[in-house]
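Heads up: the structure comes next, in structure tokens.
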Amino acid sequence: MPAAARSETVASLQARIAAMQSRSLGSRSLPTAAAVAPLLPGGALRSGVAYAAPGSLALAMLLLAGPSAAGAWCGVVGIPEFGAEAAAELGVVLERLVLVPDPGEHWLAVTAQLTEVLPIVLVRPPAKGASPAETARLASRLRQRDATLLVAGPWSGAEATLETTGGSWTGIGAGWGYLAGRELDVAVTAREIRSRHRLRIETGFRLPAAPAAAGPRLVAG
């Protein structure tokens, strides 16, 4: 075969392989909450991969909220204190939410089964986590089913790790008010590149007016 023909054939095969990989390795973007888009590689969640969000359940909820609000059914595994009211406030649609609060030692099997039927699943692994072989098998299933895994904890092979490193609450005045929002310092590690961001999460509360200055005040001695 002439060299030119061989080069053309090789280029054609490489293009076909690249197209197949893009379809199988999480090429589809999921609807993503605007607040977290700047934290993610490519500005969006992708199907077929996993994302880790250790340190903040609120951040994990916010990652779940975009697909949920857009109509996706979502699953939550191994988080018994998952607050439905807080999740709904962040945009998670409870009517399309499957909760498995305490799967015990079967957490990995339950998670894998849910990825068979749900496009996005949030899980918090136990302290011992998963073995490399178990992680690899679940990663393969995510690619096959075009599902996305969110992990409230560390996860080997995550597309990106969004680690909360600090933060503060806003809304409380001098003895009055409601928690109106939270600012989080988030360190993002993706493909060995680390960046830092500041994220503001708003609550549904609205601050009342500050109390009038006139009148008696109680002051702690």
Side-chain angles (χ1 to χ4, degrees), residues 26 28-103 107-108 110-126 129-130 135 138-139 141-143 145-155 157-164 167 181-184 186-190 197 199-204:
R28 183 170 61 91
S29 294
L30 301 179
T32 306
V36 297
L39 309 180
L40 300 168
L45 289 168
R46 294 197 301 132
S47 63
V49 296
Y51 296 86
S56 173
L57 183 55
L59 179 56
M61 287 180 177
L62 198 56
L63 290 169
L64 195 68
S68 177
W73 277 81
C74 305
V76 178
V77 180
I79 310 178
E81 74 276 19
F82 187 89
E85 184 176 351
E89 193 173 282
L90 291 173
V92 176
V93 179
L94 302 182
E95 290 79 5
R96 294 191 296 270
L97 184 65
V98 177
L99 293 175
V100 186
D102 189 10
W107 69 273
L108 191 60
V110 171
T111 300
Q113 289 170 3
L114 285 180
T115 61
E116 295 278 342
V117 293
L118 302 179
I120 185 163
V121 176
L122 168 63
V123 62
R124 185 171 64 194
T135 301
L138 186 53
R141 181 167 297 194
L142 292 174
R143 292 192 295 269
R145 296 300 180 182
D146 212 20
T148 300
L149 182 68
L150 304 177
V151 184
W155 190 256
E159 175 76 3
T161 297
L162 287 64
E163 183 178 4
T164 304
R182 187 181 183 188
E183 291 187 347
L184 297 177
V186 182
V188 180
T189 304
H197 306 265
L199 169 68
R200 180 171 177 82
I201 300 177
E202 300 285 348
T203 72

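No hydrogens, no waters, no symmetry mates; every other heavy atom, side chains included, goes into these values. All values derive from a computational prediction rather than experimental measurement.
- Looking at residues two or more places apart in sequence or on another chain, you find a side chain to side chain contact (heavy atoms under 4.5 Å, CB included) between A52 and P54, W155, A158, T161.
- Closest non-hydrogen pair, D146 versus R28, comes out as OD2-NE, 3.1 Å.
- T148 and S47 make their closest contact through OG1-CA, 3.1 Å (heavy atoms, listed as atom of the first residue, atom of the second, distance).
- Shortest non-hydrogen contact noted between V92 and A65 is CG2-CA, 3.9 Å.
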List the atom pairs, with distances to 0.1 Å, where a side-chain N or O of residues 31-39 and a protein N or O form a donor-acceptor pair under 3.5 Å, not counting sequence neighbours.
| residue | atom | partner | partner atom | Å |
| --- | --- | --- | --- | --- |
| T32 | OG1 | L30 | O | 2.8 |
| T32 | OG1 | L45 | N | 3.1 |

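- T111 OG1 to E116 CD: the interatomic distance, rounded to the nearest 0.5 Å, is 12.0 Å.
- For the pair T135 and A130, the tightest heavy-atom approach, listed with the atom from each and the gap, is OG1-CB, 3.7 Å.
- Residues forming a salt bridge (charged side-chain N to carboxylate O under 4.0 Å, His left out) with E159 (at least two apart in sequence, or on another chain): R46, R191.
- Residues satisfying the salt bridge (charged side-chain N to carboxylate O under 4.0 Å, His left out) test with R96, not counting sequence neighbours, are none.
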Run the side chain to side chain contact (heavy atoms under 4.5 Å, CB included) check on L63 and L162 step by step: do they pass?
CA-CA 10 Å; L63 290 169; L162 287 64; 4.2 Å; yes
Compile the donor-acceptor pairs under 3.5 Å between side chains in residues 72-82 and protein atoms, sequence neighbours left out, one pair per line.
| residue | atom | partner | partner atom | Å |
| --- | --- | --- | --- | --- |
| E81 | OE1 | R124 | NH2 | 3.0 |
| E81 | OE2 | R124 | NH1 | 2.6 |
| E81 | OE2 | R124 | NH2 | 3.0 |

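- Counting heavy atoms from C-beta outward, L97 and S68 have side chains that stay 4.5 Å or more apart.
- Legend: residues meeting side chain to side chain contact (heavy atoms under 4.5 Å, CB included) with Q113, ordered by chain and number and at least two apart, are absent.
- Expressed to the nearest 0.5 Å, how far CG of L59 lies from CD of E163 amounts to 11.0 Å.
- In terms of heavy atoms, I120 sits closest to P67 at CD1-CG, 3.8 Å.
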